[in-house]
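Structure, as structure tokens:
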Amino acid sequence: MNINIFKHHQHIFILVPLILTLIVCPYSKAGKFKKEYKMQVTVGPNFYWGRGAAKFAELVNKKTLGQIKIKPYYGSSLLQGAQLKSAQLVAKGVIDCAFESTINISSVIPECNLFSLPFFINTYENLDKLEQGQTGRVIFNAMKQKRLMPLAWGENGFRQITNDKKSIMRPKDLKGLKIRVVGSPIFIDIFRELGADPVNMNWGDAITAFQQDVVDGQENPPGVLLPVQIWQYHNQVTFWNYLADPLIFYWNKKQWNAFPKDIKQAISQAAIEAGRFEKALCRAGMDGAVSTTILKEEFNYKTDIADPIKFLNKKGMKITILSDEQQASFKAATQPVYKKWIPKIGKNLVKEAKKDMKD
Ligand code: X2X
């Protein structure tokens with residue numbers, strides 16, 4: 001009898017630790033890692049941004065010898081479209097990682113609104129100086145404080161405005177135009193100051209709104225205008241470079257800290273490489289021969305659209321390119337936005353940014 005009881009307990013000694021291990025470590029049979037790491041991406045796989053996400057997943061798989069498998073979830077499908085929740089859910093660990101716009105990160109990291117100060121940055125040269133300078137370091141540190149591990153910069157591009165009513169050349173041309181903007185509050189402020197009628201909408205709803213002509217216009221970079229074939233809905237585009245929209249590859253920090261050093265290195269390298277590729281896709285044909293050459297020489301890749309502006313024109317869009325003076329009049333009209341938003345972004349950060357752009 002006694003022996004039988006002992007035998008019965010022996011199973012428990014084996015089973016309990018086994019069950020505990022399975023509960024505590026949600027890893028695959030292979031060992032330390034999850035079977036799949038979920039990545040949030042706002043747009044679809046055919047956007048340059050989406051292709052950057054796919055490139056990152058591919059490079060991570062290669063560089064970690066198949067140990068880390070990332071699956072991009074396009075169209076904010078993990079968030080039912082609520083793109084502004086990306087950073088919050090990665091910080092919580094509900095989503096493992098993201099390749100996201102600084103606009104969508106700004107709901108958790110107000111410093112990211114720096115890039116949305118209207119007519120503040122204007123050139124690729126300035127943008128690169130900010131990302132590589134003290135400004136970039138301050139923003140990455142702010143992310144680390146909020147349980148997000150930033151890995152590398154990517155790009156959506158300078159945002160340009162399209163509509164189906166008129167050529168936008170002066171602030172007064174925007175008067176009364178119903179413009180779809182992303183749900184981040186600084187965008188409402190900018191377009192109200194310019195006299196437009198901004199409506200915020202998640203990206204997933206925006207496309208339907210263009211199709212149904214619910215809005216007169218919208219603003220997005222060429223990397224978005226081309227895949228959505230914006231010429232089907234709008235016949236006017238103004239290139240005004242009013243604000244920059246960088247992307248960041250980032251990971252849940254707690255999960256990141258638990259990765260072994262070689263895995264961290266491999267993933268970081270993959271993010272830097274994928275970011276360089278994706279940025280070049282977005283800039284190709286917009287920065288002389290620089291990005292086209294990077295794509296060809298470093299990635300053996302030939303762009304399908306050599307000159308995005310010419311391409312949009314060929315599709316029937318009227319192109320307006322603002323002169324420096326015209327840009328200045330828009331900048332003057334949006335000064336109240338600076339007054340309201342600089343304190344939220346941080347006075348010191350804005351100062352650092354100006355310094356980075358001068359150096
Ligand atoms: O919602 C947008 O306009 C988009 C796709 O550009 C962003 O995610 C910021």
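The shown structure was predicted, so the numbers you read here are calculated from the model rather than taken from an experiment. Both counts, for ligands and for their atoms, begin at 1 and track the order of listing. Nothing fancy with the numbering, it's 1 onward along the sequence.
Here salt bridge (Lys or Arg N to Asp or Glu O under 4.0 Å) pairs that include residues 82-96, with residues two or more places apart or in two chains, are Lys34-Asp96. Each salt bridge (Lys or Arg N to Asp or Glu O under 4.0 Å) pair with one or both residues in residues 53-81, not counting sequence neighbours, appears once here: Lys63-Glu273.
Neither the backbone nor the side chain of Glu100 has any atom closer than 4.0 Å to an atom of ligand 1 (non-hydrogen atoms only). Contacts of Asn220 with ligand 1, taken as heavy-atom pairs under 4.0 Å, involve the side chain alone. Neither the backbone nor the side chain of Asn202 comes within 4.0 Å of ligand 1, counting heavy atoms alone. Looking at Trp49 against ligand 1, only its side chain comes within 4.0 Å, counting heavy atoms. If you look at Gln83 next to ligand 1, the close heavy atoms, those under 4.0 Å, all belong to the side chain.
Close approach of ligand 1 to Thr42 is summarised as follows: ligand atoms under 4.0 Å from at least one heavy atom of the residue are 8 (O). Within ligand 1, the atoms closer than 4.0 Å to a non-hydrogen atom of Val43 are 5 (C), numbered from 1 in the order shown. Taking every non-hydrogen atom of Asn156 and a distance limit under 4.0 Å, the qualifying atoms of ligand 1 come out as 6 (O).
Looking at Glu219, Met201, Arg180, it is Arg180 that brings a heavy atom closest to atom 3 (O) of ligand 1.
Figure legend: cation-pi geometry between Lys253 and Trp256 absent, as NZ or CZ is not positioned both under 6.0 Å from the six-membered ring centre and within 45° of its axis.
Closest non-hydrogen pair, Phe158 versus Ala244, comes out as CE2-CB, 3.7 Å.
Aromatic ring pairs are classed by plane angle as parallel below 30°, tilted from 30° to 60° and perpendicular above 60°; the pair Phe56 and Phe249 is tilted. Ring geometry for Trp240 against Phe191 counts as tilted: the plane angle lies between 30° and 60°, on a 0 to 90° scale.
For atom 8 (O) of ligand 1, the closest non-hydrogen atom of the protein is Asn104 ND2, 3.0 Å.
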Evaluation steps, salt bridge (Lys or Arg N to Asp or Glu O under 4.0 Å), between Lys166 and Asp173
CA-CA 8 Å; Lys166 56 174 109 150; Asp173 297 327; 5.4 Å; no

